[in-house]
Amino acid sequence: MGFNTTLFAPLSRRKFLRHSARAGAGMCVAGLGISSYARHVPQAFPAEEGTLRAAISIDTRAILHSINPNIYGAFIEHVDRCLYGGVYQENSRLSDERGFRKDVVKAAAEWGVPILRWPGGIFASFYHWENGIGPKSSRPNLQNEAWHEEETNHFGTDEFVHYCHTIGAEPYICVNHNTGTPQEAANWVEYCNGTGESRYANLRRKYGHPEPHNVRYWGLGNEPWKMPTEQYANFAFECGKLMKSVDPTIKLVACGLGGIPKPLFKKLGLDPEWNRVVLRKVADIADYLSFHEYEGNEDYDEEQGSIQRFEASINSTAADIELTKKPIQISVDEWNIWYRKHGLPPPRSIEEGVDEKYNLRDALWTASVLNLFQRMGDRVTMANVATMVNAIGTMYTSDQGMFLQTIYFPMKLYRRECGSQSLACKVESPTFSSKSFQDVPYLDVSATLDADRRNLAIAVVNRHESKPVRTTVSSNGTIGSKATVFEINGTSPEIENSFSEPDNVRIVRKEVNRTGDKLYYVFPAHSITVIKLSMI
Ligand code: AHR
């Protein structure tokens with residue numbers, strides 16, 4: 001890999017903006033609402049056969065918004081081996097005395113999962129939480145009606161909250177909009193958060209938990225789109241009202257609809273007005289509107305390009321929210337690549353299980369989603385990759401051990417190394433087009449500063465399947481002479497990790513010395529890179 005430096009005169013903020021404006025449609029100014037990209041490599045770069053060139057310039061004084069750490073969150077569901085056999089496995093040498101898989105706990109803690117959504121998913125639509133409390137020996141063994149499996153109820157509310165404490169995550173509980181009632185949901189809030197002498201708070205104490213669990217985030221159901229829109233809107237309103245009357249400090253997530261191409265709405269019997277109707281009803285009580293986004297395609301460029309659909313979902317959800325004039329945030333509380341065994345979009349079947357084997361190109365897409373969240377962090381303040389383990393998961397376990405799937409690494413890298421302040425950044429990049437998506441830049445970038453504005457992190461995905469991109473990186477701030485580079489890559493975009501080859505894709509760290517204020521960096525083909533520089 002090449003890394004050269006050259007002298008560079010820092011751009012003033014005014015010059016940066018003038019430069020950005022002049023560039024017109026030939027570039028993207030991340031976070032400034034302009035997202036059209038150069039079709040060709042800019043003239044400024046000398047042509048060199050077979051070489052792709054790009055430029056990134058960062059305005060370190062233009063902080064656009066804060067980034068909520070909850071965008072790096074995860075989701076666990078009682079589906080297939082996600083919960084039982086992934087998160088929780090009783091009587092296994094790989095579990096602790098509570099039944100928590102120690103290898104999974106370690107990987108989740110190293111990632112720093114900030115928020116964990118549970119119990120589903122579709123499972124939540126059939127879950128009655130009172131079956132999962134009290135002594136395990138008296139909990140009913142039931143049929144998991146969502147996924148047609150046995151449900152022991154051995155992992156319930158108390159176990160979930162303790163699991164969250166163990167990995168350092170905020171708990172986020174999704175209530176049952178389908179076979180449940182608003183009263184049942186409000187009782188659940190009381191069980192978790194009640195401090196008085198009420199029935200459910202006392203039940204929690206009786207079962208050995210004197211202190212409240214303080215569950216702050218609550219979802220008003222999951223994918224309720226089969227319900228008539230008004231019916232769901234009324235449920236969400238009544239349920240949310242009752243839940244907030246028990247604990248007014250909780251944050252509520254109402255279910256929205258995104259990620260599905262508009263022409264498919266009719267075919268799937270979905271209401272194109274869903275978001276607006278729901279928002280009209282819940283605007284005074286909801287803190288978030290959610291949507292789910294699953295993508296993936298056999299075609300490399302289609303998969304990478306589908307990030308444009310994801311961005312469109314965020315924009316259309318934001319536009320629907322805007323109409324309410326309320327500070328409602330977006331929660332993308334399920335997202336991932338999911339296609340090898342299941343056609344898009346839902347409903348999906350579990351007949352063959354829901355495991356996916358992820359490869360490097362799926363990790364490139366994952367990193368692009370995280371770039372998107374960082375750039376659009378003024379709108380998206382929570383997201384939960386689906387799922388954390390096994391079923392379409394970031395980790396994969398067996399009775400013998402575990403390995404980390406490729407998509408685990410961008411989650412950990414961005415959570416650990418990116419800053420909490422999103423910066424304006426201009427990117428000039430060559431582009432590609434696929435069947436459904438036009439002018440997708442090969443280089444996808446987000447730039448951040450940490451809270452005390454000392455460290456700059458430039459996160460770059462080179463989506464090109466086979467070519468490196470020689471890039472000039474400039475900033476108007478003065479940067480130190482040492483750079484730390486973190487790279488996720490592998491021998492080909494199709495490469496996967498496995499039990500026998502767990503390190504094909506991983507994070508590699510290197511320290512690099514540099515001089516001057518401008519750096520040239522060659523982003524290798526099919527790579528994810530975070531460059532960290534200190535500001536002086
Ligand atoms: O976790 C997989 C499933 O995908 C969830 O249950 C559902 O919400 C989504 O369609």
Side-chain angles (χ1 to χ4, degrees), residues 73-88 113 115-127 143-149 151 155 160 172-180 217-227 232 236 253-261 264-265 268-270 274 278 288-296 309-310 313 331-358 362 366 369 382-397 405 407 411:
F75 165 57
I76 52 172
E77 176 168 12
H78 296 233
V79 54
D80 213 6
R81 293 185 316 111
C82 176
L83 205 303
Y84 297 109
V87 168
Y88 183 84
V113 175
I115 186 164
L116 191 62
R117 178 174 180 253
W118 169 85
I122 301 172
F123 178 79
S125 316
F126 298 90
Y127 185 58
Q143 179 73 3
N144 171 339
E145 286 179 63
W147 299 103
H148 314 293
E149 306 162 342
E151 172 55 57
F155 190 96
F160 171 62
Y172 166 24
I173 291 181
C174 178
V175 309
N176 178 348
H177 74 273
N178 179 35
T179 61
Y217 296 94
W218 294 82
L220 297 167
N222 177 74
E223 299 186 356
W225 315 310
K226 281 193 191 138
M227 267 183 164
Y232 171 72
V253 184
C255 300
L257 195 49
I260 295 163
L264 278 179
F265 271 69
L268 295 164
L270 299 172
W274 177 278
V278 170
Y288 295 84
L289 186 71
S290 71
F291 72 83
H292 293 173
E293 188 99 11
Y294 289 103
E295 295 286 354
R309 180 158 49 219
F310 210 133
S313 290
S331 160
V332 188
D333 55 17
E334 283 184 38
W335 65 273
N336 207 345
I337 294 284
W338 188 8
Y339 73 100
R340 291 185 179 86
K341 290 186 186 162
H342 303 275
L344 279 172
R348 307 178 175 90
S349 106
I350 198 192
E351 275 147 34
E352 296 173 58
V354 279
D355 290 348
E356 289 266 11
K357 279 299 295 302
Y358 291 107
D362 299 327
T366 302
V369 173
M382 187 206 292
N384 307 76
V385 68
T387 71
M388 191 172 83
V389 51
N390 291 333
I392 46 168
T394 66
M395 310 166 195
Y396 198 89
T397 68
Q405 297 241 38
I407 60 169
M411 297 305 302

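Just follow the structure's listing: the first ligand is 1, and inside any ligand the first atom is 1.
- Using a distance-only test at 3.5 Å, with no hydrogens or angles considered, a donor-acceptor pair links the side chain of Glu149 to the main chain of Asp80.
- Set against the non-hydrogen atoms of Glu223, the atoms of ligand 1 under 4.0 Å away are 7 (C), 8 (O), 9 (C), 10 (O).
- Test Thr387, Val385, Asp355, Ile407 against Ile392 for side chain to side chain contact (heavy atoms under 4.5 Å, CB included) and you get one pass: Thr387.
- Heavy atoms of Val354 found under 4.0 angstrom from ligand 1: none, in either backbone or side chain.
- Ligand 1 lies within reach of Trp338, whose nearest heavy atom is under 4.0 Å from it.
- Taking distance alone, with nitrogen or oxygen atoms compared against 3.5 Å, Thr387 stays at or beyond that limit from ligand 1.
- Using modelled atom types, one finds a donor on one side chain and an acceptor on the other under 3.5 Å when comparing Tyr84 with Glu151.
- Within the 4.5 Å cutoff, the side chain of Asn222 has heavy atoms near those of the Arg117 side chain.
- Distances below 4.0 Å separate heavy atoms of Phe75 from the following atoms of ligand 1: 1 (O).
- At a 4.0 Å heavy-atom cut-off, ligand 1 touches Tyr294 through the side chain alone.
- Interface of Trp147 with ligand 1, defined as ligand atoms under 4.0 Å from a residue heavy atom, comprises 3 (C), 6 (O).
- No side-chain heavy atom of His78 sits less than 4.5 Å from a side-chain heavy atom of Tyr88.
- Taking the six-membered ring where the residue is Trp, the centroids of Phe265 and Trp274 are separated by 6.0 Å or more.
- At under 3.5 Å, a nitrogen or oxygen of Ile122, whether backbone or side chain, sits near a nitrogen or oxygen of ligand 1.
- Side-chain contact check for Tyr172 and Asp333: at least one donor-acceptor pair (N or O, by modelled atom type) lies under 3.5 Å.
- Listed by number with element, the atoms of ligand 1 under 4.0 Å from a non-hydrogen atom of Gly121 are 5 (C), 6 (O), 8 (O).
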